[in-house]
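Contents: one structure, followed by commentary.
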Amino acid sequence: MILAAITIETPETVNTVFGFFAKGGLFMWPLLACSIVSVTIMILRGLALRRNNIMPTLIENEIERLTPGESPERLSRIVHHDGSSLARIARVALQYLRSPRSENVEAVQTRARHEMVRLEKGLIILEVIVGIAPLLGLIGAVSGLVHVFAQLGLSSGGSDTRQIARGIAEALNATVFGLSIAVPTLVGFTYFSRKVEVMSVEMETLVVELISKCYYGRSSREFAPAKATGASSMPVSTPVA
(Lines give C-alpha, C1' and ligand atoms only; values in the text may rest on other atoms or scores of the structure.)
Protein backbone atom coordinates (compact mmCIF):
# COMPACT_ATOMS: atom_id res chain seq x y z
CA MET A 1 0.00 0.00 0.00
CA ILE A 2 2.79 2.38 0.89
CA LEU A 3 4.68 1.39 -2.27
CA ALA A 4 1.54 2.08 -4.34
CA ALA A 5 1.15 5.53 -2.76
CA ILE A 6 4.79 6.36 -3.48
CA THR A 7 4.36 5.17 -7.06
CA ILE A 8 1.32 7.39 -7.56
CA GLU A 9 2.92 10.46 -5.98
CA THR A 10 6.29 10.17 -7.74
CA PRO A 11 5.71 8.61 -11.16
CA GLU A 12 8.71 10.36 -12.69
CA THR A 13 11.08 8.94 -10.08
CA VAL A 14 9.71 5.43 -10.57
CA ASN A 15 10.00 5.72 -14.32
CA THR A 16 13.59 6.91 -13.95
CA VAL A 17 14.48 3.94 -11.73
CA PHE A 18 12.84 1.42 -14.05
CA GLY A 19 14.49 3.08 -17.03
CA PHE A 20 17.86 2.82 -15.30
CA PHE A 21 17.39 -0.92 -14.80
CA ALA A 22 15.99 -1.45 -18.28
CA LYS A 23 18.96 0.24 -19.90
CA GLY A 24 21.43 -1.55 -17.67
CA GLY A 25 20.83 -4.94 -19.20
CA LEU A 26 20.50 -8.43 -17.79
CA PHE A 27 23.26 -8.12 -15.18
CA MET A 28 21.38 -5.39 -13.31
CA TRP A 29 19.16 -8.01 -11.68
CA PRO A 30 21.98 -10.02 -10.05
CA LEU A 31 23.34 -6.70 -8.84
CA LEU A 32 19.93 -5.80 -7.42
CA ALA A 33 19.85 -9.14 -5.58
CA CYS A 34 23.33 -8.42 -4.17
CA SER A 35 22.19 -5.03 -2.94
CA ILE A 36 19.14 -6.48 -1.19
CA VAL A 37 21.21 -9.22 0.48
CA SER A 38 23.86 -6.71 1.53
CA VAL A 39 21.38 -4.30 3.11
CA THR A 40 19.55 -7.14 4.88
CA ILE A 41 22.72 -8.60 6.38
CA MET A 42 23.99 -5.21 7.53
CA ILE A 43 20.68 -4.49 9.28
CA LEU A 44 20.64 -7.91 10.96
CA ARG A 45 24.29 -7.65 12.03
CA GLY A 46 23.69 -4.15 13.34
CA LEU A 47 20.91 -5.47 15.57
CA ALA A 48 22.77 -8.61 16.62
CA LEU A 49 26.08 -6.89 17.42
CA ARG A 50 24.66 -4.34 19.81
CA ARG A 51 26.95 -4.16 22.80
CA ASN A 52 24.28 -5.05 25.36
CA ASN A 53 23.50 -8.25 23.42
CA ILE A 54 27.15 -9.35 23.48
CA MET A 55 28.53 -7.87 26.70
CA PRO A 56 25.77 -6.91 29.16
CA THR A 57 26.74 -4.13 31.53
CA LEU A 58 25.46 -6.12 34.52
CA ILE A 59 27.92 -8.97 33.90
CA GLU A 60 30.80 -6.58 33.22
CA ASN A 61 30.17 -4.74 36.49
CA GLU A 62 29.85 -7.98 38.43
CA ILE A 63 33.19 -9.31 37.12
CA GLU A 64 34.90 -6.01 37.92
CA ARG A 65 33.26 -5.91 41.38
CA LEU A 66 34.39 -9.43 42.25
CA THR A 67 37.35 -9.38 44.62
CA PRO A 68 40.22 -11.90 44.34
CA GLY A 69 39.38 -15.11 46.18
CA GLU A 70 35.70 -14.26 46.58
CA SER A 71 33.05 -16.84 45.72
CA PRO A 72 31.53 -16.12 42.29
CA GLU A 73 28.11 -17.45 43.32
CA ARG A 74 26.27 -14.25 42.48
CA LEU A 75 27.93 -14.04 39.07
CA SER A 76 27.03 -17.68 38.42
CA ARG A 77 23.35 -16.92 39.04
CA ILE A 78 23.46 -13.92 36.69
CA VAL A 79 25.12 -15.69 33.76
CA HIS A 80 22.94 -18.79 34.18
CA HIS A 81 19.88 -16.94 32.84
CA ASP A 82 21.69 -14.76 30.29
CA GLY A 83 22.10 -15.62 26.61
CA SER A 84 24.89 -13.22 25.68
CA SER A 85 28.30 -14.30 24.40
CA LEU A 86 30.07 -13.03 27.51
CA ALA A 87 27.65 -14.97 29.73
CA ARG A 88 28.24 -18.22 27.82
CA ILE A 89 32.02 -17.85 28.08
CA ALA A 90 31.80 -16.94 31.78
CA ARG A 91 29.60 -20.01 32.42
CA VAL A 92 32.30 -22.27 30.99
CA ALA A 93 34.93 -20.59 33.16
CA LEU A 94 32.80 -21.07 36.27
CA GLN A 95 31.96 -24.69 35.43
CA TYR A 96 35.65 -25.63 35.25
CA LEU A 97 36.71 -23.96 38.50
CA ARG A 98 37.31 -27.38 40.10
CA SER A 99 39.75 -28.26 37.32
CA PRO A 100 43.35 -27.02 37.04
CA ARG A 101 43.72 -23.54 35.68
CA SER A 102 45.27 -24.76 32.41
CA GLU A 103 42.23 -26.95 31.66
CA ASN A 104 39.90 -24.08 32.49
CA VAL A 105 41.74 -21.74 30.12
CA GLU A 106 41.65 -24.34 27.35
CA ALA A 107 37.89 -24.84 27.76
CA VAL A 108 37.32 -21.08 27.74
CA GLN A 109 39.40 -20.66 24.58
CA THR A 110 37.37 -23.38 22.82
CA ARG A 111 34.11 -21.68 23.76
CA ALA A 112 35.48 -18.27 22.75
CA ARG A 113 36.34 -19.55 19.27
CA HIS A 114 32.79 -20.82 18.94
CA GLU A 115 31.42 -17.43 19.98
CA MET A 116 33.65 -15.69 17.43
CA VAL A 117 32.10 -17.83 14.69
CA ARG A 118 28.64 -16.77 15.89
CA LEU A 119 29.59 -13.09 15.95
CA GLU A 120 31.09 -13.22 12.46
CA LYS A 121 28.03 -14.93 11.01
CA GLY A 122 27.03 -13.28 7.73
CA LEU A 123 30.19 -11.21 7.36
CA ILE A 124 31.59 -13.67 4.83
CA ILE A 125 28.61 -12.93 2.58
CA LEU A 126 29.38 -9.21 2.75
CA GLU A 127 32.97 -9.98 1.81
CA VAL A 128 31.80 -12.01 -1.18
CA ILE A 129 29.48 -9.22 -2.33
CA VAL A 130 32.35 -6.72 -2.09
CA GLY A 131 34.26 -8.91 -4.53
CA ILE A 132 31.55 -9.91 -6.99
CA ALA A 133 29.55 -6.66 -7.29
CA PRO A 134 32.27 -4.78 -9.24
CA LEU A 135 32.87 -7.89 -11.34
CA LEU A 136 29.19 -8.14 -12.23
CA GLY A 137 29.26 -4.46 -13.11
CA LEU A 138 32.29 -5.07 -15.29
CA ILE A 139 30.56 -7.97 -17.02
CA GLY A 140 27.56 -5.70 -17.64
CA ALA A 141 29.89 -3.08 -19.10
CA VAL A 142 31.48 -5.62 -21.43
CA SER A 143 28.02 -6.86 -22.41
CA GLY A 144 26.99 -3.29 -23.30
CA LEU A 145 30.10 -2.81 -25.41
CA VAL A 146 29.42 -6.10 -27.18
CA HIS A 147 25.98 -4.80 -28.13
CA VAL A 148 27.55 -1.58 -29.36
CA PHE A 149 29.99 -3.33 -31.66
CA ALA A 150 27.36 -5.81 -32.77
CA GLN A 151 25.17 -2.99 -34.05
CA LEU A 152 27.97 -1.15 -35.85
CA GLY A 153 27.51 -2.49 -39.44
CA LEU A 154 23.89 -3.60 -39.12
CA SER A 155 22.34 -0.18 -39.51
CA SER A 156 23.24 3.35 -40.38
CA GLY A 157 22.22 6.87 -39.60
CA GLY A 158 20.03 7.74 -36.62
CA SER A 159 19.17 4.16 -35.68
CA ASP A 160 22.85 3.26 -35.51
CA THR A 161 23.46 6.19 -33.16
CA ARG A 162 20.59 5.13 -30.93
CA GLN A 163 21.89 1.57 -30.69
CA ILE A 164 25.38 2.77 -29.82
CA ALA A 165 24.01 5.12 -27.16
CA ARG A 166 21.91 2.31 -25.71
CA GLY A 167 24.90 -0.01 -25.47
CA ILE A 168 27.05 2.65 -23.83
CA ALA A 169 24.26 3.41 -21.36
CA GLU A 170 24.00 -0.29 -20.50
CA ALA A 171 27.74 -0.45 -19.89
CA LEU A 172 27.82 2.68 -17.72
CA ASN A 173 24.68 1.80 -15.73
CA ALA A 174 25.93 -1.65 -14.79
CA THR A 175 29.35 -0.32 -13.81
CA VAL A 176 27.94 2.48 -11.66
CA PHE A 177 25.45 0.16 -9.96
CA GLY A 178 28.11 -2.45 -9.21
CA LEU A 179 30.44 0.10 -7.63
CA SER A 180 27.59 1.72 -5.68
CA ILE A 181 26.89 -1.68 -4.09
CA ALA A 182 30.51 -2.61 -3.42
CA VAL A 183 31.51 0.64 -1.68
CA PRO A 184 28.88 0.72 1.13
CA THR A 185 29.15 -3.05 1.54
CA LEU A 186 32.89 -2.70 2.05
CA VAL A 187 32.27 0.02 4.65
CA GLY A 188 29.78 -2.22 6.48
CA PHE A 189 32.07 -5.26 6.35
CA THR A 190 35.02 -3.28 7.71
CA TYR A 191 32.92 -1.69 10.46
CA PHE A 192 31.37 -4.95 11.69
CA SER A 193 34.67 -6.85 11.48
CA ARG A 194 36.37 -4.19 13.57
CA LYS A 195 33.50 -4.17 16.05
CA VAL A 196 33.71 -7.95 16.50
CA GLU A 197 37.47 -7.72 16.97
CA VAL A 198 37.19 -4.99 19.63
CA MET A 199 34.47 -6.80 21.57
CA SER A 200 36.38 -10.09 21.44
CA VAL A 201 39.44 -8.40 22.98
CA GLU A 202 37.27 -6.83 25.69
CA MET A 203 35.61 -10.17 26.48
CA GLU A 204 39.00 -11.87 26.63
CA THR A 205 40.21 -9.25 29.11
CA LEU A 206 37.14 -9.70 31.32
CA VAL A 207 37.31 -13.50 31.32
CA VAL A 208 41.05 -13.50 32.08
CA GLU A 209 40.32 -11.15 34.97
CA LEU A 210 37.54 -13.48 36.18
CA ILE A 211 39.79 -16.57 36.08
CA SER A 212 42.59 -14.75 37.87
CA LYS A 213 40.25 -13.67 40.67
CA CYS A 214 38.68 -17.13 41.02
CA TYR A 215 42.08 -18.88 41.17
CA TYR A 216 43.65 -16.27 43.44
CA GLY A 217 45.68 -17.99 46.16
CA ARG A 218 44.69 -21.46 45.04
CA SER A 219 48.15 -22.50 43.85
CA SER A 220 49.64 -22.04 47.31
CA ARG A 221 46.94 -24.22 48.84
CA GLU A 222 47.41 -26.84 46.14
CA PHE A 223 51.13 -27.12 46.84
CA ALA A 224 50.74 -27.00 50.62
CA PRO A 225 50.02 -30.75 51.05
CA ALA A 226 52.95 -31.64 48.80
CA LYS A 227 55.29 -29.51 50.90
CA ALA A 228 54.00 -31.02 54.10
CA THR A 229 54.40 -34.54 52.71
CA GLY A 230 57.91 -33.73 51.57
CA ALA A 231 58.82 -32.33 54.93
CA SER A 232 57.52 -35.39 56.78
CA SER A 233 59.45 -37.77 54.53
CA MET A 234 62.78 -36.13 55.16
CA PRO A 235 65.09 -38.18 57.40
CA VAL A 236 65.44 -36.84 60.88
CA SER A 237 68.79 -37.34 62.55
CA THR A 238 68.69 -38.92 65.97
CA PRO A 239 71.05 -37.41 68.51
CA VAL A 240 73.66 -39.82 69.68
CA ALA A 241 73.84 -40.22 73.40
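Any value given below was found using the heavy atoms of this structure, including those in side chains, with hydrogens, waters and symmetry copies removed. Quick caveat: nothing in here was measured; it's all calculated off a predicted structure.
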Rounded to the nearest 0.5 Å, how far apart are [atom1] of [X] and [atom2] of [Y]?
{"X": "Met199", "Y": "Arg194", "atom1": "CE", "atom2": "CZ", "value": "12.0 Å"}
{"X": "Glu73", "Y": "Leu66", "atom1": "CD", "atom2": "CG", "value": "12.0 Å"}
{"X": "Tyr191", "Y": "Leu126", "atom1": "OH", "atom2": "CG", "value": "13.5 Å"}
{"X": "Ile41", "Y": "Ile125", "atom1": "CD1", "atom2": "CD1", "value": "4.0 Å"}
{"X": "Ser85", "Y": "Leu119", "atom1": "OG", "atom2": "CG", "value": "4.5 Å"}
{"X": "Thr110", "Y": "Glu115", "atom1": "OG1", "atom2": "CD", "value": "12.0 Å"}

Can you give me the closest heavy-atom contact between [X] and [Y], atom names plus distance?
{"X": "Ile36", "Y": "Thr40", "value": "O-OG1, 2.7 Å"}
{"X": "Pro72", "Y": "Leu97", "value": "CG-CD1, 3.9 Å"}
{"X": "Leu47", "Y": "Asn53", "value": "O-ND2, 3.1 Å"}
{"X": "Ala174", "Y": "Leu31", "value": "O-CD1, 3.7 Å"}
{"X": "Arg111", "Y": "Val92", "value": "CG-CG2, 3.7 Å"}
{"X": "Pro184", "Y": "Met42", "value": "O-SD, 4.0 Å"}

Answer yes or no: is there a donor N or O on one side and an acceptor on the other, between the side chain of [X] and the main chain of [Y], under 3.5 Å?
{"X": "Ser200", "Y": "Glu197", "answer": "yes"}
{"X": "Thr205", "Y": "Val201", "answer": "yes"}
{"X": "Asp82", "Y": "Ile78", "answer": "no"}
{"X": "Ser35", "Y": "Leu32", "answer": "yes"}
{"X": "Glu120", "Y": "Val117", "answer": "no"}

Kindly indicate whether the side chain of [X], heavy atoms from C-beta on, has any atom under 4.5 Å from the side chain of [Y].
{"X": "Ile54", "Y": "Met203", "result": "yes"}
{"X": "Pro134", "Y": "Leu138", "result": "no"}
{"X": "Leu186", "Y": "Glu127", "result": "no"}
{"X": "Glu60", "Y": "Arg51", "result": "yes"}
{"X": "Cys34", "Y": "Ile132", "result": "yes"}
{"X": "Arg88", "Y": "Arg118", "result": "yes"}
{"X": "Leu210", "Y": "Leu75", "result": "yes"}

Worksheet entry | Sidechain N-carboxylate O distance under 4.0 Å for Lys213, Glu64 |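 No salt bridge links Lys213 with Glu64.
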Worksheet item: If you measure from the Lys or Arg side-chain nitrogens to the Asp or Glu carboxylate oxygens, is any gap between Arg77 and Glu62 under 4.0 Å?
Response: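 Salt bridge: no.
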With clusters defined by side-chain heavy atoms of hydrophobic residues (ILVMFWY) lying less than 4.5 Å apart, directly or transitively, does [Y] cluster with [X]?
{"X": "Phe192", "Y": "Val187", "answer": "no"}
{"X": "Phe27", "Y": "Val130", "answer": "no"}
{"X": "Leu44", "Y": "Leu123", "answer": "no"}
{"X": "Ile129", "Y": "Trp29", "answer": "yes"}
{"X": "Val196", "Y": "Ile124", "answer": "yes"}

Worksheet item: What pairs with Ile211 under side chain to side chain contact (heavy atoms under 4.5 Å, CB included), at least two apart in sequence or on another chain?
Response: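 For Ile211 the side chain to side chain contact (heavy atoms under 4.5 Å, CB included) partners, ignoring immediate neighbours, are Ala93, Arg101, Asn104, Val105, Val108, Val207, Tyr215.
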Item to complete: Kindly check if the number of other-residue, nucleotide or ligand heavy atoms within 6.0 Å of CD (Glu204) is above 12?
Response: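 Atom CD in Glu204 is not packed in, count stays at 12 or less.
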Practice prompt. Taking atom CD of Glu106 as the centre, report whether more than 12 heavy atoms of other residues, nucleotides or ligands fall under 6.0 Å from it.
Written response: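 Not more than 12 within 6.0 Å, no.
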